[in-house]
Amino acid sequence: MDEYTLLGRTGLRVSPLCLGAMTFGNGEGWLAGEHEARKIFDGYLEAGGNFIDTANIYANGESEEMLGRFLASSGRREQVVLASKFSLNTAPGDPNAGGNGRNAIYRALDASLKRLRTDYLDLYWLHAWDTITPIEEVVETLDDLVRSGKIRYVGLSDVPAWIMARAQTYAELRGRTRVAALQVEYSLLDRTVEIEHTGACSELGLGICAWGPLGAGLLTGKYRQVGRAPKGRIAKDERIKNRMLTERNLEIVEVVAAVAAELGRPPAQVALNWVTQQREVSSTIIGATQLEQLEENLAALNFTIPDEFMRQLDEISRPLKGRLYDFFEPPFQQRIHGAKVSRKRGRPT
């Protein structure tokens with residue numbers, strides 16, 4: 001990872017693969033304990049990675065606490081683009097311990113900074129739209145935090161495209177801190193983001209940080225039967241199992257596996273490589289519970305998928321759109337313009 005990308009329309013340089021620290025924590029299942037998490041952290045930095053993503057809710061705060069210890073002992077805080085998130089409630093029964101209001105944001109940030117042993121975050125994400133807080137309040141609050149020096153860049157995660165557009169337009173109109181990036185699920189199994197969000201990001205200057213690029217592990221090729229998950233995270237969550245182990249998804253998995261076999265690569269590397277090649281993606285978030293998993297994921301950058309195979313992957317995974325979107329496709333647009341018209345035009349700097 002000796003090449004870096006710009007995060008949206010900013011000057012912040014980030015690795016094309018971001019280390020997601022959701023798996024850092026003490027416990028059973030898919031969490032990496034302190035010893036293994038430290039090996040993953042060190043391995044990522046040694047490979048040239050500089051972008052680490054966590055959240056106040058991950059492992060009930062243990063993810064941030066571990067990262068705080070790792071960063072402090074490594075002496076490399078200034079080299080790391082450190083990101084965390086707010087939104088989810090950290091004290092059930094207290095309605096102001098979660099959500100996207102000004103009070104909740106200040107409380108969440110102060111607690112995160114303490115756990116992370118730092119006095120600023122390079123990037124602070126709204127974790128998810130809470131459906132009630134005016135986006136103007138969010139933009140103003142985050143702008144205040146940028147001006148105070150506690151955060152340096154602002155991001156939105158898991159929000160509707162219209163909320164993202166309203167936030168960016170308001171920030172530009174009022175001279176507030178612009179939104180740098182959008183974090184959203186994006187994989188060969190879920191390309192919903194292409195229906196509205198990718199176009200909005202291109203127009204508004206946001207980079208995309210893709211989470212879930214392996215489709216909850218389905219794109220590793222471990223699961224090949226509808227509704228049947230004998231092991232792993234999918235097996236432990238009935239909701240995820242019912243959503244992921246569908247006939248359509250398994251058809252996609254088979255094509256990914258076939259392409260991987262042709263290239264002599266694991267299916268997970270092919271799936272990750274595909275996401276990193278998408279135009280609006282600035283960085284793709286990877287997680288690991290073992291150092292070997294990290295090393296395999298990082299190797300996804302070491303090859304190029306030939307155009308023929310990219311077309312196969314694109315075709316099998318094409319997102320299903322409603323009737324409305326037919327009006328924006330070339331056949332109907334030609335009826336509007338009377339001829340083929342290029343969509344290319346200058347972009348504001």
Side-chain angles (χ1 to χ4, degrees), residues 1 4-5 7 14-27 29-34 36-68 70-71 80-88 112 115-116 121-128 153 155-158 181-187 189-190 193 207-220 232-234 240 268-269 271-273 275-276 281-301:
M1 284 194 296
Y4 300 88
T5 56
L7 186 65
V14 296
S15 301
L17 292 177
C18 170
L19 178 60
M22 187 173 72
T23 58
F24 288 13
N26 294 304
W30 49 273
L31 291 177
E34 184 106 8
E36 196 66 28
R38 182 59 193 258
K39 289 198 295 184
I40 293 168
F41 171 87
D42 289 339
Y44 176 75
L45 295 185
E46 288 168 8
N50 78 336
F51 190 13
I52 299 180
D53 180 83
T54 185
N56 63 340
I57 201 70
Y58 292 165
N60 296 317
E62 283 188 354
S63 173
E64 289 184 329
E65 290 174 354
M66 281 189 183
L67 281 176
F70 300 164
L71 286 165
V80 171
V81 176
L82 181 61
S84 194
K85 310 181 191 74
F86 66 89
S87 287
L88 277 69
S112 287
R115 285 190 290 266
L116 288 163
L121 290 177
D122 298 279
L123 176 63
Y124 202 31
W125 299 100
L126 177 149
H127 203 156
Y153 291 91
L156 300 177
S157 173
D158 300 327
L182 170 74
Q183 187 175 141
V184 69
E185 186 171 11
Y186 197 7
S187 75
L189 299 183
D190 192 339
V193 63
I208 290 177
C209 291
W211 67 262
L214 296 181
L218 197 61
L219 288 165
T220 64
R233 187 183 174 196
I234 292 179
I240 295 178
Q269 289 184 7
L272 283 171
N273 187 294
V275 176
T276 65
V281 172
S282 294
S283 191
T284 301
I285 300 172
I286 56 173
T289 56
Q290 297 177 346
L291 179 61
E292 292 75 16
Q293 290 177 334
L294 173 73
E295 292 171 342
E296 181 174 302
N297 288 341
L298 294 178
L301 299 177

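Computation of the quantities below employed the complete heavy-atom set of this structure, encompassing side-chain atoms and omitting hydrogens, waters and symmetry-equivalent molecules.
- Applying the side chain to side chain donor-acceptor pair (under 3.5 Å) test to S87 and every residue at least two apart in sequence or in another chain returns N100.
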**OP:** With side chain to side chain contact (heavy atoms under 4.5 Å, CB included) as the test, would you mind laying out the steps for M66 and N26 before giving the verdict?
**Re:** CA-CA 10 Å; M66 281 189 183; N26 294 304; 3.7 Å; yes

Subject >> Steps toward side chain to side chain contact (heavy atoms under 4.5 Å, CB included) verdict (L67, F24) >> reply: CA-CA 8 Å; L67 281 176; F24 288 13; 4.0 Å; yes

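- Looking only at distances, a side-chain donor or acceptor of T23 sits under 3.5 Å from a matching main-chain atom of A288.
- Counting all heavy atoms, side chain and backbone alike, G25 lies closest to A59 at CA-CB, 4.0 Å.
- Partners of N297 under the side chain to side chain donor-acceptor pair (under 3.5 Å) rule, at least two apart in sequence or in another chain, do not exist in this structure.
- Each of T5, I208, T276 was evaluated against V281; a single residue qualifies, I208, per the side-chain contact (heavy atoms from CB on, under 4.5 Å) test.
- Each salt bridge (charged side-chain N to carboxylate O under 4.0 Å, His left out) pair with one or both residues in residues 48-63, not counting sequence neighbours, appears once here: D53-K85.
- Between A21 and S63, the shortest heavy-atom distance links the atoms O-OG, 2.7 Å.
- The shortest heavy-atom contact between L82 and D122 is N-OD2, 2.9 Å.
- L116 and S84 make their closest contact through CD1-CB, 4.4 Å (heavy atoms, listed as atom of the first residue, atom of the second, distance).
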Subject >> Derivation of the side chain to side chain contact (heavy atoms under 4.5 Å, CB included) call for I286 and L298 >> reply: CA-CA 9 Å; I286 56 173; L298 294 178; 3.9 Å; yes

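- Heavy atoms only, all atoms of each residue included: A55 and H127 are closest at CB-CE1, 3.9 Å.
- By the side-chain contact (heavy atoms from CB on, under 4.5 Å) test, S283 is found to be paired with V14, C18, F51, C209, residues two or more places apart in sequence or in another chain being considered.
- Side-chain N or O atoms of S282 include none that pairs as donor or acceptor with a backbone N or O of L7 at under 3.5 Å.
- The two atoms that bring V275 and S187 nearest to each other are CG2-CA, 4.1 Å, heavy atoms only.
- The side-chain contact (heavy atoms from CB on, under 4.5 Å) search around A300 returns Q269, L272, not counting sequence neighbours.
- The list of side chain to side chain donor-acceptor pair (under 3.5 Å) pairs with a residue in residues 37-49, not counting sequence neighbours, reads E36-K39, R38-D42, R38-S73.
- F86 and Y124 have their aromatic ring centers within a separation under 6.0 angstrom.
- A donor-acceptor pair shorter than 3.5 Å can be found between the side chains of S112 and E64.
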